[in-house]
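Working notes for the structure below.
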Amino acid sequence: QLDLIYKVPTSPIERRKQIIAQKLVLQNEKIYLYGYDVENDKSIVLNVRRIIQILSKTFKKKNPEEQDFSSYLIIFS
């Protein structure tokens with residue numbers, strides 16, 4: 001889960017979002033983060049260039065039998 005500050009394209013206001021990251025996609029020469037918006041309970045797509053700051057990263061542990069490393073997103077800043 002990522003806790004981040006995001007610049008909304010339709011507003012001058014920066015918003016704090018809690019996202020469960022699912023995948024990064026390169027489309028039309030832009031990188032998008034696909035995930036789930038915890039607060040609004042819906043899927044979301046964010047342009048990575050509009051992420052102002054990542055406040056925290058949290059990884060939830062699963063049972064070793066259920067571990068799926070393909071769903072983890074690691075961002076270095």
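Throughout, numbering of the chain's residues begins at 1 and tracks the sequence. It should be emphasised that the depicted structure is a prediction, and the values quoted were computed from it without experimental measurement.
The structure places CG of Leu26 at 8.5 Å from CG of Asn28, a figure rounded to the nearest 0.5 Å. Atom OH of residue Tyr6 and atom CG of residue Asp37 lie 11.5 Å apart, to the nearest 0.5 angstrom. Atoms CG and CG, on Leu4 and Leu55 in that order, are 7.0 Å from each other to the nearest 0.5 Å.
If you run side chain to side chain contact (heavy atoms under 4.5 Å, CB included) between Lys17 and each of Ile51, Val38, Asn40, only Asn40 comes through.
In terms of heavy-atom proximity, Gly35 sits nearest to Ile19 at CA-CG2, 4.2 Å.
In this structure, Ile5 is not a member of the same hydrophobic cluster as Leu46, with clusters built from ILVMFWY side-chain heavy atoms closer than 4.5 Å. Taken together through direct or relayed side-chain contacts under 4.5 Å among Ile, Leu, Val, Met, Phe, Trp and Tyr, Ile31 and Leu2 form part of one hydrophobic cluster.
Contacts classified as salt bridge (charged side-chain N to carboxylate O under 4.0 Å, His left out) and involving residues 45-54 (residues at least two apart or in different chains) are not found.
Other residues sharing a hydrophobic cluster with Val45 under the 4.5 Å side-chain heavy-atom criterion for ILVMFWY residues are Val25, Tyr32, Tyr34.
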Please tabulate, one pair per line, all N/O donor-acceptor pairs under 3.5 Å involving side-chain atoms of residues 7-15, not counting sequence neighbours.
from, atom 1, to, atom 2, distance (Å)
Lys7, NZ, Ser11, O, 2.8
Ser11, OG, Ile13, N, 3.1

